[in-house]
Amino acid sequence: MQLCTSPELACEVTLQPLERFRLDAAILFSDILTIPDAMGLGLEFVEGEGPQFRNPVRTADDIRQLPVPDPEESLRYVPDAVRLIRRELDGRVPLIGFSGSPWTWATYMVEGRSSREFRKIKGLMYEQPELLHHLLAKLAKSVAVYLEAQIAAGVDAIMVFDTWGGVLSPRQYQQFSLQYAQQALAGLSRERDGQKIPAILFTKGGGQWLETMAAAGYDALGLDWTTEIGTARARVGDRVALQGNLDPQALYAPIPALREEVKLILESYGQGSGHVFNLGHGVWPDVNPDHVGAMIEAVHEFSPAFHRD
């Protein structure tokens with residue numbers, strides 16, 4: 001939390017990967033749960049267990065009392081970090097801002113912590129769906145306000161992380177996740193200095209809903225590693241760009257095998273633009289950074305053959 005709430009430290013952590021690797025963009029260092037924390041839930045990180053809330057949301061009164069935080073007040077450290085990072089980058093590479101999705105925020109807020117069963121949030125979904133819709137609508141507004149502040153502060157693209165959308169059924173995903181990701185997007189002006197700010201939607205485990213997600217209004221879709229990127233491209237056509245999708249576990253492989261995995265993804269996507277090479281999720285803490293570097297250099301080495309136009 002100290003890293004998140006100090007603009008100087010957040011700037012340092014954002015810039016460190018650019019000093020070490022040949023990356024094409026910087027990603028704002030923050031935490032996915034900053035907004036729920038600003039709503040008064042009391043975020044803390046427990047060693048070996050991850051994020052937890054001291055004041056989880058459980059009742060109708062809890063939901064009604066939740067504020068929509070003003071990013072320039074209770075979350076001032078985030079736009080301040082964006083402004084500082086943008087100044088330090090001085091146009092070297094674009095800066096990507098991000099937010100959790102309404103559904104993913106709701107899972108943590110109702111469960112109180114990470115979950116495998118999602119019993120509390122799904123219990124609310126089945127027992128009091130209208131109450132959950134009320135919570136998600138408030139969170140969609142919060143996402144829009146939060147990302148708008150990041151855009152105003154200087155990010156060049158935005159990304160919405162729907163980490164837990166994949167735990168829903170197709171009907172539930174549309175009703176309780178994608179609908180509110182669309183509402184958040186609709187609440188954004190998505191423009192600064194006459195330039196459109198691209199928006200990316202990532203739903204972990206959402207490969208079965210690509211066509212639906214491609215129609216949601218986002219410019220790009222992030223893919224996890226369980227979806228073949230060539231198949232995904234065939235399904236969505238040129239409606240959206242695709243981001244991904246190397247299995248993060250591949251970073252544990254010997255470097256020759258890792259390079260081959262990079263090449264296979266590039267070959268699967270094929271010729272032409274519209275692909276942002278990335279992992280299908282985050283880097284695990286004990287990964288050797290030299291393997292991250294080898295992956296990035298492999299992308300630089302192999303990708304020109306697929307982008308001759």
(message) Going by salt bridge (charged side-chain N to carboxylate O under 4.0 Å, His left out), name the pairs with one or both residues in residues 298-307, residues two or more places apart or in two chains.
(response)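 Counting only pairs at least two positions apart or across chains, the salt bridge (charged side-chain N to carboxylate O under 4.0 Å, His left out) contacts touching residues 298-307 are Arg259-Glu301.
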(message) Filter on salt bridge (charged side-chain N to carboxylate O under 4.0 Å, His left out), then keep only pairs touching residues 261-270, sequence neighbours left out; what's left?
(response)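 Those involving residues 261-270 do not exist here.
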(request) Carefully, step by step, assess Arg20 and Asp290 under the rule salt bridge (charged side-chain N to carboxylate O under 4.0 Å, His left out). (result) CA-CA 10 Å; Arg20 183 161 187 166; Asp290 291 340; 3.6 Å; yes
Roughly how far, to the nearest 0.5 Å, is [atom2] of [Y] from [atom1] of [X]?
X	Y	atom1	atom2	answer
Lys138	Arg64	NZ	CZ	9.0 Å
Phe45	Asp31	CZ	CG	3.5 Å
Met295	His300	CE	NE2	9.5 Å
Glu8	Asp80	CD	CG	8.5 Å

Do [X] and [Y] touch side chain to side chain, with heavy atoms closer than 4.5 Å?
X	Y	value
Phe176	Leu132	yes
Phe118	Met125	no
Trp105	Leu33	yes
Asn245	Phe277	no
Leu18	Leu89	yes
Met109	Leu135	yes
Leu43	Pro51	yes
Leu251	Leu279	yes

Minimum heavy-atom distance between [X] and [Y], given as atom pair plus value:
X	Y	result
Gly40	Asn55	O-ND2, 3.2 Å
Leu84	Pro7	CD2-O, 3.6 Å
Gln271	His307	OE1-N, 4.3 Å
Gly222	Ile200	N-CG2, 4.0 Å
Ala144	Ala184	CB-O, 3.5 Å
Gly244	Ile265	O-CG2, 4.2 Å

May I ask you to decide whether [X] forms a salt bridge with [Y], counting only side-chain N to carboxylate O separations under 4.0 Å?
X	Y	result
Asp219	Arg239	no
Arg119	Glu127	no
Arg76	Asp70	no

Cluster link [X] to [Y], ILVMFWY, side chain under 4.5 Å:
X	Y	result
Val292	Leu246	yes
Leu188	Leu139	yes
Ile32	Val283	yes
Leu23	Val262	yes
Val276	Leu242	no

(request) Enumerate the residue pairs fulfilling side-chain hydrogen bond (donor to acceptor under 3.5 Å, both in side chains) with a member in residues 158-170, sequence neighbours excluded, ordered by first and then second residue. (result)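 side-chain hydrogen bond (donor to acceptor under 3.5 Å, both in side chains) check on residues 158-170 returns Ser101-Asp162, Thr104-Asp162, Tyr108-Trp164, Asp162-Ser177, Asp162-Thr203, Ser169-Gln172.
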(request) Run the numbers on Ile96 and Val155 for side chain to side chain contact (heavy atoms under 4.5 Å, CB included), then give the verdict. (result) CA-CA 6 Å; Ile96 303 172; Val155 299; over 6 Å; no
If you link ILVMFWY side chains whenever their heavy atoms are less than 4.5 Å apart, which other residues fall into the same cluster as [X]? By chain and number, please.
X	value
Val145	Val68
Phe29	Leu3, Leu9, Val13
Leu264	none

(message) Can you list everything that forms a side-chain contact (heavy atoms from CB on, under 4.5 Å) with Pro67? Sequence neighbours excluded, please.
(response)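 Partners of Pro67 by the side-chain contact (heavy atoms from CB on, under 4.5 Å) criterion, ordered by chain and then number, come out as Met39.
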(request) Return yes if a side-chain donor-acceptor contact under 3.5 Å exists between Gln195 and Glu191, otherwise no. (result)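 Glu191 and Gln195 do not have a side-chain donor-acceptor pair below 3.5 Å.
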(message) For a quick check under 3.5 Å, do Tyr77 and Ser30 share a side-chain donor-acceptor pair by atom type?
(response)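 No pair is found: no donor N or O on one side chain lies under 3.5 Å from an acceptor on the other.
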Does [X] use its side chain to pair, donor to acceptor, with the backbone of [Y] at less than 3.5 Å?
X	Y	result
Gln179	Gln175	yes
Glu111	Lys120	yes
Gln183	Lys141	no

(message) List the residues meeting salt bridge (Lys or Arg N to Asp or Glu O under 4.0 Å) with Arg87, not counting sequence neighbours, and say none if there are none.
(response)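 If we apply the salt bridge (Lys or Arg N to Asp or Glu O under 4.0 Å) test to Arg87, skipping adjacent residues, there are no hits.
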(message) For Phe161 and Phe98, I'd like to know if the aromatic rings sit close, meaning centre-to-centre distance below 6.0 Å.
(response)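 Yes, close enough.
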(message) Would you say the ring centers of Phe306 and His275 fall short of 6.0 Å from each other?
(response)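 That pair fails the under 6.0 Å test.
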(request) Show the numbers, then the answer: is there a side chain to side chain contact (heavy atoms under 4.5 Å, CB included) between Asp156 and Arg192? (result) CA-CA 9 Å; Asp156 301 291; Arg192 188 184 63 250; 3.4 Å; yes
Show me the donor-acceptor pairs, under 3.5 Å and distance only, between side chains in residues 206-218 and residues at least two apart or in other chains.
{"unit_1": "Glu211", "atom_1": "OE1", "unit_2": "Arg235", "atom_2": "NH2", "d": "2.8"}
{"unit_1": "Glu211", "atom_1": "OE2", "unit_2": "Arg235", "atom_2": "NE", "d": "2.8"}
{"unit_1": "Tyr218", "atom_1": "OH", "unit_2": "Ala181", "atom_2": "O", "d": "2.7"}

(message) Quick one, Ile151 with Ile158, criterion side chain to side chain contact (heavy atoms under 4.5 Å, CB included). Give me CA distance, side-chain angles, the key distance, then yes/no.
(response) CA-CA 8 Å; Ile151 291 171; Ile158 54 171; 3.9 Å; yes
(request) For Gln2, look at atom CD and say whether over 12 heavy atoms of other residues, nucleotides or ligands are found less than 6.0 Å away. (result)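 No, because the 6.0 Å sphere around CD of Gln2 holds 12 heavy atoms or fewer from other groups.
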(message) I'd like to know whether CZ of Arg54 has more than 12 heavy-atom contacts from other residues, nucleotides or ligands below 6.0 angstrom.
(response)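 Counting other residues, nucleotides and ligands, CZ of Arg54 exceeds 12 neighbours.
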(request) Would you mind listing every ring-ring contact (aromatic ring centres under 6.0 Å, His included) that reaches into residues 223-254, with sequence neighbours excluded? (result)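 Sorted pair list comes back empty.
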(message) Please evaluate residues Leu223 and Gln243 with respect to the criterion side chain to side chain contact (heavy atoms under 4.5 Å, CB included), reporting the C-alpha separation (whole Å), side-chain torsions for both, the decisive distance (0.1 Å), and the verdict.
(response) CA-CA 6 Å; Leu223 302 176; Gln243 177 179 294; over 6 Å; no
(request) Using side-chain hydrogen bond (donor to acceptor under 3.5 Å, both in side chains) as the criterion, list what pairs up with Asp224, not counting sequence neighbours. (result)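 Per chain and number, Asp224 pairs via side-chain hydrogen bond (donor to acceptor under 3.5 Å, both in side chains) with Thr226.
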(message) Checking Asp62 now: which residues fulfil side-chain hydrogen bond (donor to acceptor under 3.5 Å, both in side chains) with it, not counting sequence neighbours?
(response)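 Testing Asp62 for side-chain hydrogen bond (donor to acceptor under 3.5 Å, both in side chains), a comparison that skips the adjacent residues, returns Thr59.
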